[in-house]
Amino acid sequence: MNANLILEVGLIVLQTIGVILAVDFVSGIVHWLEDSYGSKKWPIIGKWIIEPNIRHHFEPRHFTKSNFWKRNAATLVLSGSVLAVISLLGWFHWTWALAALIGGVTNEIHCWAHRSPRENGKVITFLHKAKILQSPRGHATHHTDPKDRSYCTVTDWLNPLLDGVDFFARIEKFVLKTTGLKRRIDESVRPPKNKKKCCGGQCAQCAKCQLKKAA
């Protein structure tokens, strides 16, 4: 095989992985902002994005019952708009198109992490088991109290690294110290004294329990 072809294929693979990680990281930042500082009172996005996100912490599987467009409209519009601007500026590259495609369906990938293997089918289940897409087990960490970790929603790759260095917690401390802005209280988080009661697969909000019921 031609050496140049091998290098080109290798470069494409590395660029693809880089795009996936970049989109995953951005999804984590956006998710963290929604969970930490989002308010239902915000104009437009408060009702359209923040309110459903708050409900999601109370009822993790509720959004799996909606249709594709309702789940992904916001990210598809945003990703498409960014790609259009980049194209108009003459900066178009296939990596931007891939990023827009993945970014546009991040909430769908998120939805798959809340579904059972039976609901997802063989292909998605394979991608979960192969650790290519974020798995239900990986995402369940985010829905475990105090629900302040594992914000990235595309893969299982970045969350352990970011959580390991308390990435988002450190940002929150910086924001608090520099602006006085406190993290929004998540009312779906149960008091610590009740933690043992909701870890045995019985709580209505636990992602693992929801998956068991759907299986």
Start with the C-alpha distance between K70 and F63, add both sets of side-chain angles, then the distance that settles side chain to side chain contact (heavy atoms under 4.5 Å, CB included), and finish with yes or no.
CA-CA 9 Å; K70 188 173 182 178; F63 81 134; over 6 Å; no
In the structure I gave you, are the side-chain heavy atoms of [X] and [Y] within less than 4.5 Å of one another anywhere?
X	Y	result
D148	W32	no
V105	W112	no
F25	I29	yes
V85	W91	no
R61	E119	yes

Which heavy atom of [X] sits nearest to which heavy atom of [Y], and what is that distance?
X	Y	result
A74	I49	CB-CD1, 4.1 Å
D145	S188	OD1-O, 4.4 Å
P60	H143	CG-ND1, 4.0 Å

A quick test of your reading: do over 12 heavy atoms of other residues, nucleotides or ligands sit less than 6.0 Å from CH2 of W96?
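No, CH2 of W96 has 12 or fewer neighbouring heavy atoms, counting only those of other groups under 6.0 Å.
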Side chain to side chain contact (heavy atoms under 4.5 Å, CB included), that's the test. Do F92 and L83 meet it? Break it down for me.
CA-CA 8 Å; F92 181 84; L83 183 61; 4.0 Å; yes
Any link between [X] and [Y] through a network of hydrophobic side chains (Ile, Leu, Val, Met, Phe, Trp, Tyr) touching at under 4.5 Å?
X	Y	value
L101	I109	no
L127	L158	yes
L89	V82	yes
L5	L11	no
L88	V77	no

State which residues pass side-chain hydrogen bond (donor to acceptor under 3.5 Å, both in side chains) with [X]; sequence neighbours excluded, sorted by chain then number.
X	result
N107	H110
R184	none
T153	S27
T95	H93

Presence of salt bridge, E59 and K65, under 4.0 angstrom
no
Under the side chain to side chain contact (heavy atoms under 4.5 Å, CB included) test against T155, which residue among I20, V23, I132 passes?
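The passing option is I20.
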List for me each residue that meets side-chain contact (heavy atoms from CB on, under 4.5 Å) alongside [X], sequence neighbours excluded, and say none if there are none.
X	result
V165	F167
L98	T16, V19, W94, I102
S135	H128, K131, R137, D156

Measure the [atom1]-[atom2] distance between [X] and [Y] for me, rounded to the nearest 0.5 Å.
X	Y	atom1	atom2	value
L14	L7	CG	CG	10.5 Å
F126	L133	CZ	CG	10.5 Å
L162	F168	CG	CZ	5.5 Å

Other cluster members, V26 - Ile/Leu/Val/Met/Phe/Trp/Tyr, side-chain contacts below 4.5 Å:
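Besides V26, the hydrophobic cluster comprises V30, listed by chain and residue number.
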Would you mind listing every side-chain hydrogen bond (donor to acceptor under 3.5 Å, both in side chains) that reaches into residues 38-53, with sequence neighbours excluded?
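Listed by first then second residue: D35-N53.
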Pairs where residues 71-82 contributes a residue and the test side-chain hydrogen bond (donor to acceptor under 3.5 Å, both in side chains) is met, not counting sequence neighbours
R71-E108, N72-E108
Do any N or O atoms from the side chain of Q134 and from the backbone of C152 form a donor-acceptor pair under 3.5 angstrom?
yes
Got a donor-acceptor contact below 3.5 angstrom from the K147 side chain to the H57 backbone?
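Indeed, once roles are kept as given, a pair shorter than 3.5 Å links the two residues.
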Under the rule for ring-ring contact (aromatic ring centres under 6.0 Å, His included), what residues qualify as partners of H31, not counting sequence neighbours?
H142, Y151
Would you check, one step at a time, whether the test side chain to side chain contact (heavy atoms under 4.5 Å, CB included) holds for T141 with N159?
CA-CA 10 Å; T141 303; N159 283 325; over 6 Å; no
The complete set of salt bridge (charged side-chain N to carboxylate O under 4.0 Å, His left out) pairs with one or both residues in residues 159-180, sequence neighbours excluded, reads R149-D166, E172-R183
